[in-house]
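Down below is the structure, laid out as structure tokens.
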Amino acid sequence: MDLACLWLGLLLPLVAALDFSYHHQERMEAFLKSVAQNYSSITYLHSIGKSVKGRNLWVLVVGRFPKEHRVGIPEFKYIGNMHGDETVGRELLLHLIDYLVTSYGKDPEITNLINSTRIHIMPSMNPDGFEAVKKPDCFYSNGRENYNQYDLNRNFPDAFEYNNVSRQPETLAIMKWLKSETFVLSANLHGGALVASYPFDNGVQATGTLLSRSLTPDDDVFQHLAHTYASRNPNMTKGDQCKNKMNFPNGVTNGYSWYPLQGGMQDYNYIWAQCFEITLELSCCKYPREEKLPYFWNDNKASLIEYIKQVHLGVKGQVFDQNGNPLPNVIVEVEDRKHICPFRTNKFGEYYLLLLPGSYTINVTVPGHDPHLTKVVIPEKSQNFSALKKDFLLSFQGQVDSILVSNLSCPMIPLYKTLQSLSAATKPSLFLFLVTLLHIFFK
């Protein structure tokens with residue numbers, strides 16, 4: 001930790017200690033605004049939109065350069081209170097914010113994390129639902145849905161079947177937000193069970209549904225992410241702490257294996273925003289008593305921090321032309337784990353691939369040109385809060401033809417339903433499907 005960061009941490013003002021109680025919209029806003037004011041050098045507060053009732057969807061960004069995108073600094077996000085009656089995640093994220101800002105410059109790990117990561121935290125995606133709960137209940141209340149009575153975690157486009165529900169303002173705000181940032185890793189926080197659930201939530205035969213699972217091309221990474229969180233939560237890792245619920249070995253489950261879900265946010269993030277997201281169910285009771293909140297914080301604190309650190313797995317870099325100009329919209333993927341909606345460089349020519357230690361062949365492809373193949377080895381021990389850095393210099397003079405890159409985003413349709421009509425560049429390989437089957441049989 002450099003001396004400047006240490007002095008900055010010591011000079012940052014303190015805010016009043018955050019109590020363990022439920023913070024309704026007015027109190028939550030007051031807390032977020034006080035943090036943004038008192039820690040302006042490492043935080044930035046903004047709203048990405050409004051709920052049906054006009055409540056702000058607040059996001060607090062924590063980072064050394066919180067207001068601006070910096071090349072090489074990965075973007076991470078936590079989203080809480082998607083269902084208004086699932087309240088633990090909302091309060092945990094407020095306490096996470098408090099812990100991060102008060103530890104900066106004092107705790108070397110937190111200081112390095114904030115210096116190397118841009119952390120976006122949305123405590124409540126469904127503020128109307130939270131405010132609608134008049135009589136808290138452990139199992140279900142009328143605050144689950146938004147004000148229009150839509151379940152926001154069934155409201156996104158689905159990659160496997162048509163989801164013709166009316167898109168809600170909260171959902172549209174998230175979709176727009178995802179386009180504005182290059183998110184690499186995220187999690188959404190729920191209640192009603194105690195488990196870390198990973199994609200896919202929906203599926204087809206090609207993803208393994210005949211065997212009661214639906215696996216992504218990055219299943220090894222998703223299992224690692226889920227285990228990373230669950231293993232540090234002493235109750236979640238036991239797998240059987242909720243009465244009358246499923247037994248989840250080691251506190252982890254594949255979403256489809258638990259139950260199929262159409263229009264879920266984690267599948268949407270992975271397929272259309274190339275962001276790895278898992279769902280964290282943090283409490284058997286959806287709306288527990290306030291006096292239980294300190295115990296939830298103690299159980300989840302280490303998991304929340306360790307999960308953020310996983311944004312630095314794998315390999316990252318930029319793609320340039322021969323004159324050193326960054327190239328946007330270039331496909332950058334591991335050769336044997338192609339995504340149905342290809343992962344591409346952003347407007348700065350950046351790419352991020354979350355990968356476990358091992359040897360990989362990276363395929364860099366500009367439409368209409370031969371692929372550029374490069375072998376990389378991800379070391380067992382990652383660098384200090386940084387993925388392996390690997391830039392690519394392509395033999396182009398000037399920018400790639402704008403016609404080729406002007407309209408390359410994947411359409412919001414069930415991509416897996418049109419599998420046979422997709423180009424070879426986006427079609428999951430037969431090899432990957434066979435590997436998936438073998439993985440299931442021998443796991």
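Computed from heavy atoms alone, side chains included, the values below leave out hydrogens, waters and symmetry copies.
Taking the six-membered ring where the residue is Trp, F343 and H339 present parallel rings, their angle staying beneath 30° rather than reaching 60°. Ring-plane geometry between F160 and Y416 is classed as parallel, the angle between the planes falling under 30 degrees on a 0 to 90 degree scale with a further cut at 60. Aromatic ring pairs are classed by plane angle as parallel below 30°, tilted from 30° to 60° and perpendicular above 60°; the pair F20 and H95 is parallel.
Between F392 and F320, a ring centre-to-centre spacing not shorter than 6.0 Å is recorded. Aromatic ring centroids of Y270 and F276 lie under 6.0 Å apart. Taking the six-membered ring for Trp and the full ring otherwise, F76 and Y78 have centroids separated by under 6.0 Å.
The closest donor-acceptor contact from the side chain of N269 to the backbone of A273 lies at 3.5 Å or more, if one exists at all. Not one N or O on the side chain of S40 forms a donor-acceptor pair closer than 3.5 Å with the backbone of A36. Between the side chain of Y360 and the backbone N or O of L356, at least one donor-acceptor pair lies under 3.5 Å. Remark: side-chain polar atoms of T207 are not paired, donor with acceptor, to backbone N or O of G203 under 3.5 angstrom. Judged purely by atom type and a 3.5 angstrom limit, Q318 uses its side chain to pair as donor or acceptor with the backbone of F348. Judged purely by atom type and a 3.5 angstrom limit, N81 has no side-chain atom pairing as donor or acceptor with the backbone of S124. Judged by distance alone, the side chain of N188 and the main-chain N or O of Q266 form no donor-acceptor pair under 3.5 Å. Q274 contributes a side-chain N or O that, together with a main-chain N or O of R344, makes up a donor-acceptor pair within less than 3.5 Å. Side-chain atoms of D137 never come within 3.5 Å of backbone atoms of S141 as a donor-acceptor pair (strictly under, hydrogens ignored). The closest donor-acceptor contact from the side chain of T209 to the backbone of V204 lies under 3.5 Å.
In the model, S51 has a side-chain atom that pairs as donor or acceptor with a side-chain atom of D128 under 3.5 Å. At a cut-off of 3.5 Å, with distance as the only test, a side-chain donor of H224 or Q310 sits close to an acceptor on the other residue. Side-chain contact, T216 with D218: no donor N or O sits under 3.5 Å from an acceptor N or O. Remark: the H69 side chain and the E350 side chain contain an N/O donor-acceptor pair separated by less than 3.5 Å. Side-chain contact check for H190 and T279: no donor-acceptor pair (N or O, by modelled atom type) lies under 3.5 Å. For the residue pair E170 / N126, no side-chain donor-acceptor distance below 3.5 Å is found, with atom types taken as modelled.
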**Study point:** Pair E161-N202, side chain to side chain contact (heavy atoms under 4.5 Å, CB included): steps then yes or no
**Key:** CA-CA 9 Å; E161 53 188 319; N202 207 348; 2.9 Å; yes
Point to revise | Verdict with supporting geometry, K292 and D299, salt bridge (Lys or Arg N to Asp or Glu O under 4.0 Å) | key: CA-CA 11 Å; K292 297 288 186 181; D299 281 353; over 6 Å; no
Check your understanding: Given the rule in the salt bridge (Lys or Arg N to Asp or Glu O under 4.0 Å) test, do K286 and E86 qualify, once you have shown the distances and angles that lead to the verdict?
Key -> CA-CA 5 Å; K286 289 176 179 288; E86 296 175 356; 2.6 Å; yes
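Evaluation of the disulfide bond (SG atoms under 2.5 Å apart) test over residues 94-155, restricted to residues two or more places apart or in two chains, returns C138-C285. Applying the disulfide bond (SG atoms under 2.5 Å apart) rule to pairs touching residues 217-280 yields C242-C284, sequence neighbours excluded.
Shown are R118, K77, K176, R70; of these, the salt bridge (charged side-chain N to carboxylate O under 4.0 Å, His left out) with E181 is made only by R118.
Among residues two or more places apart in sequence or in another chain, the side-chain hydrogen bond (donor to acceptor under 3.5 Å, both in side chains) test is passed with Y22 by T87.
Cation-pi geometry between K53 and Y147 is met: under 6.0 angstrom from the ring centre, within 45 degrees of the axis.
Under a 4.0 Å N-O distance rule, the pair D201/R154 does not qualify as a salt bridge.
For E26, the CD atom counts as loosely surrounded, since its 6.0 Å shell holds 12 or fewer non-hydrogen atoms of other residues, nucleotides or ligands. With a 6.0 Å radius and a threshold of 12 heavy atoms from other residues, nucleotides or ligands, F65 has its CZ atom above the threshold.
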